[in-house]
Novice: 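I have a structure here, written as structure tokens, and I will follow up with some questions on it.
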Amino acid sequence: MSGADEAMTARRARELLGVGAKATPAELRRAFRVAAKTVHPDRAGGSAEAFHRMVAAYELLRRERPARDRFIQPPVAQPPRREAADPNLLCITPLIAFRGGEVDHRTPEGRCLRIKAPPGLRTGDRLRVGEIVLRIAVRGDGQLMVRGDDLWLTLEVDRRLLEQGGRTRLETPLGWREIWITKKAAARGLVRLPEEGLPARGRHRQGHLFVRLQAVEETASSAARTLLRRFAAAWAA
């Protein structure tokens with residue numbers, strides 16, 4: 001191994017491949033293919049040394065990725081806090097943080113302000129409303145929570161779907177989402193939808209959406225089954 005390879009760091013590897021710290025394995029592979037073509041010795045301007053550096057960068061990040069994945073932990077739902085003492089605190093839901101929308105805020109003088117919150121607010125952000133500067137706090141409800149830039153959503157799915165895997169379309173508080181359940185995702189009960197979390201805003205990057213899948217024996221209490229039960233009851237009557 002050359003001295004240049006020994007000095008390779010994850011940061012330098014990401015710079016060479018042009019990827020971010022949270023690049024997926026698929027994104028790493030695509031970036032490596034593109035970068036490797038530009039520095040291949042058979043191409044004009046390429047060299048064996050540059051190509052070997054690119055390979056070393058890819059191998060470093062490829063080995064590093066599984067180790068990072070093992071430490072993905074969902075946020076823990078926090079009990080309601082007594083924060084009424086702070087008159088400049090504006091609590092919003094993850095859905096408001098995601099989409100934006102109207103929020104009511106009562107001032108110390110007793111006035112009720114209807115505030116239009118923009119999408120992409122995070123806990124700790126500041127929002128100016130007239131002469132008032134409000135501090136944002138995003139509060140989840142257990143099913144939908146926020147950690148950093150990422151949204152975490154818990155959904156119940158049919159156990160058979162979780163076992164069989166495949167592509168499915170699920171209704172969520174964020175709207176319909178198409179989810180690909182691989183064997184690995186089924187075993188972990190976790191699916192990551194890249195760049196479907198909180199939108200980028202100011203210094204905040206675009207977040208991801210993590211969907212925790214909870215198996216239930218049947219989601220067959222669906223519309224079809226409900227209609228069947230109604231028909232049977234009407235027939236019996």
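Every heavy atom of this structure was used, including side-chain atoms; hydrogens, water molecules and symmetry mates were not. What you see is a predicted model; the values in this text were computed from it and never measured. Positions are given from 1 along the sequence.
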Novice: For A186, which residues count as a side-chain contact (heavy atoms from CB on, under 4.5 Å) partner, sequence neighbours excluded?
Specialist: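 Per chain and number, A186 pairs via side-chain contact (heavy atoms from CB on, under 4.5 Å) with L162, I181.
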
Novice: Ignoring hydrogens and angles, tell me if any N or O in the side chain of E195 forms a donor-acceptor pair with the backbone of Q206 under 3.5 Å.
Specialist: no

Novice: So, for C91 and V103, which heavy atoms are closest and what is the spacing to 0.1 Å?
Specialist: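 The answer is O-CG1, 4.0 Å.
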
Novice: State plainly whether one hydrophobic cluster holds both W180 and L209, where clusters connect Ile, Leu, Val, Met, Phe, Trp and Tyr through side-chain heavy atoms under 4.5 angstrom apart.
Specialist: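 Result: no, two separate clusters.
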
Novice: Can you list every side-chain hydrogen bond (donor to acceptor under 3.5 Å, both in side chains) pair that touches residues 168-177, not counting sequence neighbours?
Specialist: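 Those involving residues 168-177 are R177-E196.
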
Novice: Where do R106 and G110 come nearest, in terms of heavy atoms and distance?
Specialist: NH1-O, 2.7 Å

Novice: With a 4.5 Å heavy-atom cut-off, do F210 and L190 have their side chains touching?
Specialist: yes

Novice: Test: salt bridge (Lys or Arg N to Asp or Glu O under 4.0 Å). Region: residues 92-103. Which pairs qualify, not counting sequence neighbours?
Specialist: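 Residue pairs passing salt bridge (Lys or Arg N to Asp or Glu O under 4.0 Å), neighbours aside: E102-R114.
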
Novice: Looking at A13 and L60, what are the two nearest heavy atoms and their distance?
Specialist: CB-CD2, 4.1 Å

Novice: Sequence neighbours left out, what pairs pass side-chain hydrogen bond (donor to acceptor under 3.5 Å, both in side chains) with at least one residue falling in residues 119-128?
Specialist: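 Qualifying pairs, neighbours excluded: R122-D149, D125-H204.
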
Novice: Which residues satisfy the salt bridge (charged side-chain N to carboxylate O under 4.0 Å, His left out) test with R11, sequence neighbours excluded?
Specialist: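 Checked R11 against salt bridge (charged side-chain N to carboxylate O under 4.0 Å, His left out); matches are E15.
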
Novice: How would you list, by chain and number, every residue that makes a side-chain contact (heavy atoms from CB on, under 4.5 Å) with E59, sequence neighbours excluded?
Specialist: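 E59 satisfies side-chain contact (heavy atoms from CB on, under 4.5 Å) with V55, R62, R63 only.
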
Novice: Using side-chain hydrogen bond (donor to acceptor under 3.5 Å, both in side chains) as the criterion, list what pairs up with T154, not counting sequence neighbours.
Specialist: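 Partners of T154 under the side-chain hydrogen bond (donor to acceptor under 3.5 Å, both in side chains) test: R212.
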
Novice: Only counting residues at least two apart or in another chain, list the ones meeting salt bridge (charged side-chain N to carboxylate O under 4.0 Å, His left out) with E178.
Specialist: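 Result, salt bridge (charged side-chain N to carboxylate O under 4.0 Å, His left out) vs E178: R167.
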
Novice: State whether the number of non-hydrogen atoms from other residues, nucleotides or ligands found under 6.0 Å of E131 atom CD is greater than 12.
Specialist: no

Novice: For P94, which residues count as a side-chain contact (heavy atoms from CB on, under 4.5 Å) partner, sequence neighbours excluded?
Specialist: V138, L144, V146, L151

Novice: Measuring from atom CZ of R159 to atom CD of Q214, what distance do you get when rounded to the nearest 0.5 angstrom?
Specialist: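 Interatomic distance, R159 CZ to Q214 CD, rounded to 0.5 Å: 11.0 Å.
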
Novice: Between M145 and G140, what is the shortest heavy-atom contact and its length?
Specialist: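 Shortest heavy-atom contact: CG-CA, 4.1 Å.
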
Novice: Per the ring-ring contact (aromatic ring centres under 6.0 Å, His included) rule, what does the pair list look like for residues 99-143, sequence neighbours excluded?
Specialist: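 Residue pairs passing ring-ring contact (aromatic ring centres under 6.0 Å, His included), neighbours aside: none found.
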
Novice: Might you point out which heavy atoms bring P199 and A97 nearest each other, and give the distance in Å?
Specialist: CD-O, 4.1 Å

Novice: Which residues pass the side-chain hydrogen bond (donor to acceptor under 3.5 Å, both in side chains) test with T182, sequence neighbours left out?
Specialist: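 Result, side-chain hydrogen bond (donor to acceptor under 3.5 Å, both in side chains) vs T182: none returned.
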
Novice: Return yes if a side-chain donor-acceptor contact under 3.5 Å exists between S47 and E49, otherwise no.
Specialist: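 No - no donor-acceptor pair under 3.5 Å links their side chains.
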
Novice: Can you see which heavy atom on G101 is nearest to which on I96, and at what distance?
Specialist: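 In terms of heavy atoms, the two residues are closest at CA-CD1, 3.9 Å.
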
Novice: Give me the one residue out of L161, V157, L153 that meets side-chain contact (heavy atoms from CB on, under 4.5 Å) with L213.
Specialist: V157

Novice: Does the side chain of D150 reach to within under 4.5 Å of the side chain of H208, using non-hydrogen atoms?
Specialist: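 In short, these two side chains touch, coming nearer than 4.5 Å.
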
Novice: How many angstroms lie between atom CG of L155 and atom CG of L170, to the nearest 0.5 angstrom?
Specialist: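 CG of L170 is found 6.0 Å from CG of L155.
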
Novice: Measure the CG-CG distance between L113 and L90 for me, rounded to the nearest 0.5 Å.
Specialist: 10.0 Å

Novice: Cut-off 3.5 Å, no hydrogens considered: what does the side-chain donor-acceptor table look like for residues 28-42, sequence neighbours left out?
Specialist:
{"residue": "T38", "atom": "OG1", "partner": "A35", "partner atom": "O", "Å": "2.6"}
{"residue": "H40", "atom": "ND1", "partner": "D42", "partner atom": "N", "Å": "3.1"}

